[in-house]
Amino acid sequence: MKRSKHAKPQSKRKIVRNIFIIIFLISITALILYFYNLNKEKQENENVLENIEIEQEIIPTENKSERMLQLEELQKQNSEIIGYLEIEGTNISYPVCQTTNNDYYLTHNYKKEKASLGSLFLDKDFDLNKPSTNYLIYGHRSNSGTMFEDLIKYSEESFYKEHQTIRFTTTIEDATYEIISVFYSRVYYKDEKDVFRYYYFVNAETEEEYNEYIENCKKASIYDIETTATYGDQLLTLSTCEYSRENGRFAVVAKKK
């Protein structure tokens with residue numbers, strides 16, 4: 001029997017079609033797994049403190065708020081949890097960790113589990129025993145609206161006016177911080193001169209160094225904020241990625257009330 005001259009092309013088309021179907025199915029499966037894991041991470045990071053029960057015999061006192069006691073319970077899960085950060089009216093309500101490098105918590109959550117969203121973390125150079133001048137806290141952004149995604153909303157002055165304070169709790173104090181500056185920045189190359197590398201400022205060695213940081217923050221701010229800081233005020237800087245430029249960053253700086 002004579003073979004059809006069209007048999008070979010049809011066979012090739014069938015192979016190509018099958019390959020396309022396989023690739024399509026793999027892609028769909030990968031997407032489903034990605035969003036499943038993302039949603040799982042989101043749920044695990046939501047309402048963390050609501051799931052922390054304080055032992056009945058331990059009650060809040062003048063020196064220990066309920067939030068501080070909840071934090072102490074949370075630290076039993078991971079001793080590297082050093083604080084809890086919350087901005088009321090946003091999705092930002094998370095434990096803050098610190099370890100000996102600034103890489104680990106980019107890919108691990110507060111339970112030390114592998115997680116694409118990572119965790120909020122304090123710069124490795126901050127000395128909790130002193131403490132240092134500036135709580136410099138980093139966090140990822142996520143399309144799911146978690147971690148520091150809501151930080152970008154401060155690009156609108158109207159949002160700042162409705163969310164002017166930040167609550168940061170450690171085992172030492174349960175404090176409120178007042179925002180003094182909001183600005184765009186980026187990670188600068190080593191050879192770039194006369195630029196504001198805010199991400200290096202953790203502890204001021206001198207009053208001049210402190211004042212220079214505040215001056216640069218106020219100059220960089222994308223809108224005017226009357227509140228400022230003076231030497232000796234404890235500072236809090238929140239930093240995340242910003243995608244309008246290469247190695248872009250977005251920062252919100254506050255002082256303790």
Side-chain angles (χ1 to χ4, degrees), residues 42 45-49 67 83-96 117-123 126 132-170 173-188 195-202 204 210-245 247-257:
K42 182 181 177 182
N45 282 298
E46 285 178 340
N47 304 319
V48 174
L49 287 188
R67 177 66 58 89
Y84 198 91
L85 183 78
E86 181 180 21
I87 302 178
E88 193 174 347
T90 76
N91 287 324
I92 299 173
S93 180
Y94 301 110
V96 178
L117 295 178
S119 181
L120 301 189
F121 62 94
L122 180 67
D123 190 279
F126 190 97
S132 300
T133 306
N134 180 33
Y135 285 107
L136 177 54
I137 298 173
Y138 302 98
H140 282 308
R141 289 175 59 193
S142 168
N143 289 332
S144 64
T146 53
M147 292 305 169
F148 268 168
E149 182 64 32
D150 276 0
L151 206 64
I152 296 296
K153 292 180 180 179
Y154 278 105
S155 60
E156 298 293 333
E157 187 174 3
S158 57
F159 183 83
Y160 152 73
K161 287 180 177 178
E162 294 179 359
H163 305 84
Q164 297 186 28
T165 59
I166 301 167
R167 184 179 182 183
F168 185 53
T169 308
T170 66
E173 62 179 0
D174 192 356
T176 302
Y177 288 75
E178 191 173 6
I179 294 171
I180 65 170
S181 177
V182 173
F183 57 86
Y184 291 97
S185 185
R186 67 179 175 87
V187 177
Y188 294 99
V195 292
F196 179 33
R197 293 182 172 87
Y198 76 93
Y199 43 83
Y200 283 164
F201 184 76
V202 174
Y210 183 99
N211 291 339
E212 184 181 3
Y213 180 75
I214 298 302
E215 184 181 348
N216 283 326
C217 285
K218 300 301 280 185
K219 280 182 181 177
S221 190
I222 55 179
Y223 41 79
D224 290 334
I225 297 176
E226 186 177 347
T227 307
T228 189
T230 55
Y231 182 62
D233 287 335
Q234 180 66 48
L235 300 176
L236 172 72
T237 300
L238 310 182
S239 176
T240 194
C241 293
E242 194 282 314
Y243 305 122
S244 69
R245 68 191 84 184
N247 294 321
R249 295 293 184 269
F250 188 80
V252 174
V253 182
K255 70 158 188 178
K256 192 170 80 171
K257 280 188 169 183

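The model shown is predicted, which means the values in this text are computed figures rather than measured ones. Position 1 is the first residue of the sequence; numbering continues from there.
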Measure across [X] and [Y] and return the closest heavy-atom pair with its distance rounded to 0.1 Å.
{"X": "A204", "Y": "T133", "answer": "N-OG1, 2.9 Å"}
{"X": "G139", "Y": "L120", "answer": "CA-CD2, 3.7 Å"}
{"X": "F148", "Y": "S239", "answer": "CD1-O, 3.6 Å"}
{"X": "R67", "Y": "Y84", "answer": "NH1-CD2, 3.6 Å"}
{"X": "Q234", "Y": "N134", "answer": "NE2-N, 3.8 Å"}
{"X": "S132", "Y": "V202", "answer": "CB-O, 3.7 Å"}

Checking [X] side chain against [Y] main chain: does a donor-acceptor pair fall under 3.5 Å?
{"X": "N91", "Y": "G145", "result": "yes"}
{"X": "Y94", "Y": "S119", "result": "no"}
{"X": "Q164", "Y": "K161", "result": "yes"}
{"X": "T240", "Y": "F250", "result": "no"}
{"X": "T170", "Y": "E173", "result": "yes"}
{"X": "K218", "Y": "I180", "result": "yes"}
{"X": "E149", "Y": "S142", "result": "yes"}
{"X": "D150", "Y": "I92", "result": "no"}

Subject >> Y210 and T230 side chains, donor-acceptor separation under 3.5 Å >> reply: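 On atom types as modelled, these side chains do not qualify, holding no pair under 3.5 Å.
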Original post:
Under 3.5 Å, is there a donor-acceptor pair between the D123 and Y138 side chains?
Top reply: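 Indeed, the side chains of D123 and Y138 share at least one donor-acceptor pair under 3.5 Å.
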Between [atom1] on residue [X] and [atom2] on residue [Y], distance to nearest 0.5 Å:
{"X": "R167", "Y": "S93", "atom1": "CZ", "atom2": "OG", "value": "9.0 Å"}
{"X": "L85", "Y": "Y135", "atom1": "CG", "atom2": "OH", "value": "11.5 Å"}
{"X": "Y188", "Y": "N247", "atom1": "OH", "atom2": "CG", "value": "11.0 Å"}
{"X": "R245", "Y": "S185", "atom1": "CZ", "atom2": "OG", "value": "7.0 Å"}
{"X": "T176", "Y": "I166", "atom1": "OG1", "atom2": "CD1", "value": "10.0 Å"}
{"X": "E226", "Y": "E178", "atom1": "CD", "atom2": "CD", "value": "9.5 Å"}

**OP:** For F196, check ring pair (Phe, Tyr, Trp, His ring centres under 6.0 Å) against everything at least two apart and list the hits.
**Re:**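 Residues passing ring pair (Phe, Tyr, Trp, His ring centres under 6.0 Å) with F196: F183, Y213.
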Original post:
Can F126 and I137 be said to form a side-chain contact (heavy atoms from CB on, under 4.5 Å), step by step?
Top reply: CA-CA 10 Å; F126 190 97; I137 298 173; over 6 Å; no
Would you check if [X] and [Y] make a side-chain contact, meaning some heavy-atom pair closer than 4.5 Å?
{"X": "L136", "Y": "F201", "result": "no"}
{"X": "I152", "Y": "R141", "result": "yes"}
{"X": "Y154", "Y": "H163", "result": "yes"}
{"X": "N216", "Y": "Y198", "result": "no"}
{"X": "K256", "Y": "L236", "result": "no"}

Original post:
Should the heavy atoms of other residues, nucleotides or ligands under 6.0 Å from CD of E157 be counted, would the total exceed 12?
Top reply: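 Atom CD in E157 is packed in, count exceeds 12.
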**OP:** Quick one: do R249 and E242 satisfy salt bridge (Lys or Arg N to Asp or Glu O under 4.0 Å)? Show the steps, please.
**Re:** CA-CA 5 Å; R249 295 293 184 269; E242 194 282 314; over 6 Å; no
